[in-house]
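What follows is one structure encoded as structure tokens, with my remarks underneath.
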Amino acid sequence: MSHDAQSPSHDDLPPNLTSNLPRRLPRHPFDPEDDKLREECGVFGVIGTSEAANFVALGLHALQHRGQEAGGIVSHHPEFGFKSVRRFGYIRDSFTKQSVMDTLPGALAIGHVRYSTSGSKGNTQIRDVQPFFGEFSMGGAAIAHNGNITNADALRRELIDRGSIFQSSSDSECIIHLMARSLQRDIPERMKDALRRVEGAFSIGAMTRTKLIGVRDPLGVRPLVLGRVGDGFALSSETCGLDIIGADLVREIEPGEMVVISGDAVQSFFPFERKAGRFCIFEHVYFSRPDSILGGRSVYETRRAIGVELAREAPVDADLVVPIPDSGTPAAVGYAAESGLPFTLAITRNQYVGRTFIEPTEQIRNMGVRLKLNVNRSLVAGKRVLLVDDSVVRGTTSRKIKEMVLDAGAAEVHFRIASPPTAWPCFYGVDTPERGKLLAAHMSEDEMRDYLGVDSLRFISLDGLYRAVGEAAGRDPTAPRYCDACFSGDYPVVPADMIARGFELKTAAE
Ligand code: SF4
């Protein structure tokens, strides 16, 4: 990567000067979401509209749930060239300032929100914040990547041996270096060359001086949609990003597809071997926003259908259905509708606690999730309470919530979970604890019930989840339609780097 007068005005400092700057926003020690899997990134791009960077900032704001650690925008203006701003923290904190947005002129821009899975995890440098930029003989290009490259270690070693000088610790930078080594004569062709070497999950928003480019990996693990905004186009990880700028959804980018958008033309290519898609089924359960559309269907409706399915599979004698806010709510609505039990908002979430509450005393730390969630005693006292949550990862938060509900006077506490037991880590762009820390990796459902200390615990089955997302026959074990590796251990792309580091795939006995 090289920078010149037309290259981004990278506002990042040299690495030796960034070491004392604030790092990632720490997960709060009592943030219930600390016990969740976490989506890693969101990408957004716009072409053909003045002030494209403002639209990108809005789009990234809508995608903030996909990454809160840092964000960046690159724009291009014919007179001023490429410009870039990358910042730690929320989009609203940096990209709402006129003084910042004025430095990002032009009708073409891409952006990225990040929460790292690869790279400098826990020690983020500003140079790890995307979009990344490369200056090639035919002009510059910037890329923003959502996903995880599963052979990045091997690629990085190979590229360094051949002379590449990496500036970040991110897996995504491999793509820029692979593009630099391609002999193709234009940037989209170089990108195709580069991505044919890459394994894993990638949804990419990229740009040249004149083109907006979107790509999904051959299995389409992570989402990417195309929208129409005025006379221009937009790319977004989710449709909620299109909504905020008033763009109309055109369609999803297909698995293995590259779209190259210039002027009014959208060219479509399929540069990889065609395969059946394996979209991340957890996007339906938890990662995507409930107001987004996935596969032509509202995420909210799918989550509600999961609750319906769960009620059919795992009925319970209870008095109330109570969602664990916010992500358990649509499934609880579905469960209540199917079971006939009253839906009751008996747990209130304080939206103002979280990563801003950085330095807790020991006494406050011991309050645990009470600082974030509060149980309405008058609603649960003496009742048999059924709690609905989207997932159980380590189980630490579930135990604390159970205690709170019992402390509030509930007669019984039951749990119903809107995903199957999470027993395997994700290597495709989701932050997961190592396998040993996943409760379901070493406990049966009954053992988890006893560990959580609840009266009953049931997870939706994998077949039930498939039915809820629209596969009437459930999961076809010979050709599953989704990636469900964190539940099944069936990894659709061999995680080569992790195997080299000692990770063991599921055995026949498991
Ligand atoms: S392993 Fe789980 S979280 Fe990761 S892509 Fe597959 S289904 Fe999604």
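Each residue takes its place number in the sequence, starting with 1. Note that ligands are numbered from 1 as they come in the structure, with each ligand's atoms numbered from 1 the same way.
Residues Ile176 and Gly134 come closest through the heavy atom pair CD1-N, 3.8 Å. The minimum heavy-atom distance linking Tyr466 with Gly474 is given by the pair CB-C, 3.6 Å.
Residue contacts with ligand 1, taken as heavy atom pairs separated by less than 4.0 Å, do not involve Glu283 at all. Using a 4.0 Å cut-off between heavy atoms, Trp424 makes no contact with ligand 1 at all.
Of all atoms in ligand 1, listed by their number and element, those nearer than 4.0 Å to a heavy atom of Phe287 are 3 (S). With ligand atoms numbered from 1 in the order given, ligand 1 contributes 5 (S) to contacts under 4.0 Å with heavy atoms of Arg222.
Partner Ser168 forms a side chain to side chain donor-acceptor pair (under 3.5 Å) with one of Arg127, Gln130, Glu173 and no other, that one being Glu173. Remark: of the listed residues Ile347, Leu345, Asp389, Ile347 is the sole one forming a side chain to side chain contact (heavy atoms under 4.5 Å, CB included) with Pro325. The salt bridge (charged side-chain N to carboxylate O under 4.0 Å, His left out) test with Glu69 is passed by exactly one of Arg87, Arg114, Arg86: Arg114.
Classification of Glu504 and Arg435 as a salt-bridged pair fails, no side-chain N sitting under 4.0 Å from a carboxylate O. A salt bridge links Asp153 to Arg501: one of the charged nitrogens lies within less than 4.0 Å of a carboxylate oxygen.
Between Glu189 and Ser182, the side chains place no donor N or O within less than 3.5 Å of an acceptor N or O (distance only, hydrogens not considered).
Nearby protein atoms of type N, O or S around atom 6 (Fe) of ligand 1 amount to 1 (distance under 2.8 Å).
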